[in-house]
Peer 1: 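Dumping the structure here so I can ask a few things about it.
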Amino acid sequence: MNFAIKKHDLIVILTGAGISAESGLSTFRDNNGLWETYNVNEVATPEGFKKNPSLVWKFYNKRRQQLKNVKPNNAHKTITYFQKYFHNTHIITQNVDNLHEKAGNKNTIHMHGTLERIICTHCNYSRNDLDKISEIPICPECKNYLRPDIVWFGEIPYYLEAIEKLLKESVLFIGIGTSGTVYPAAEFINIAKQFNAKTIFINKESVNNHSIDYFYQGEAGSLLEEVFNEIINMCKN
Ligand code: OAD
């Protein structure tokens, strides 16, 4: 790699399911990924929830229960180390787990929601809740169904305005562990590039995108340290 970077430059890291894979959480589109076992339309759309809310809750309960025992891996920890050097690093994650937070990563935006929260399907009620749920939970305020705070297919991701601002102002964009198939996240690298950011991508399988300046193929847990140290070494002040 060869580009200019300063300690206070704005850096955006986009993460996907691949960064949590080495912690034991399944990705979506790899062999044995979640969308091979489950029908995405049944468990990750508003229509699916309307049709069969217990099935949807069953799917997310499994994920919610996993969060209690799962631990951040070397990739998450390496981001914590990187952020100590580059304070103005922001993470946009498509992941709904809490591993960035558990690793002590700062400035994390959960654009697809989080498993830790439950929201009402009708009113503004919400709460943090990772307890086991056996029945479909009911809103204590309006008595309608509660649902996981996950952005399903057909819904608009969270914080898009703030994300766009970060992408346009970023000097460096780093994508980690995402197949780049789900929009709008798949487009973030193109926006950053259009606004003159250098772009790096780290992924287990190759990713085809003309906006990538530097691609590293392999597992984030072992590759990130090397890539981040190279960036730190390029930083002049
Ligand atoms: P995918 O499952 O589509 O892609 C994960 C990527 O991570 C794949 O390209 C893998 O090759 C790569 N990968 C696997 N293990 C890795 C490792 N140890 N190190 C680096 N890379 C690794 O997951 P996402 O791109 O996150 O949305 O999927 C995006 C969205 O689609 C998700 O947020 C989810 C899903 O449907 C919703 O549920 C709304």
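Every number for a ligand or one of its atoms is a count from 1 in the order of the listing. Index from 1, following the sequence.
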Peer 1: What do the steps show when you test His76 against His100 for ring pair (Phe, Tyr, Trp, His ring centres under 6.0 Å), and what is the final call?
Peer 2: CA-CA 6 Å; His76 301 98; His100 284 301; 5.2 Å; yes
Peer 1: My understanding is that only residues two or more places apart in sequence, or in another chain, count here; which of them pass side chain to side chain contact (heavy atoms under 4.5 Å, CB included) with Ala17?
Peer 2: Thr27, Phe28, Asn95
Peer 1: Determine which pairs satisfy salt bridge (charged side-chain N to carboxylate O under 4.0 Å, His left out) with at least one residue from residues 195-223, sequence neighbours left out, and list them in order.
Peer 2: Lys193-Asp213, Lys204-Glu219
Peer 1: Can you list, by chain and residue number, every protein residue with a non-hydrogen atom closer than 4.0 Å to ligand 1?
Peer 2: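 Lining ligand 1: Gly16, Ala17, Gly18, Ala21, Glu22, Thr27, Phe28, Arg29, Asp30, Trp35, Gln94, His112, Val151, Phe153, Gly177, Thr178, Ser179, Val182, Asn203, Lys204, Glu205, Gly218, Glu219, Ala220.
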Peer 1: Under a 4.0 Å N-O cut-off, is there an ion pair linking Glu47 with Lys51?
Peer 2: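 Salt bridge absent between Glu47 and Lys51.
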Peer 1: Determine, for Glu164 against Lys168, whether the closest basic-nitrogen to carboxylate-oxygen distance falls under 4.0 angstrom.
Peer 2: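 Yes, charged N to carboxylate O under 4.0 Å.
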Peer 1: Excluding sequence neighbours, so at least two apart, what forms ring pair (Phe, Tyr, Trp, His ring centres under 6.0 Å) with Phe59?
Peer 2: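 Counting only residues at least two positions away or on another chain, Phe59 forms a ring pair (Phe, Tyr, Trp, His ring centres under 6.0 Å) with Trp35, Tyr38.
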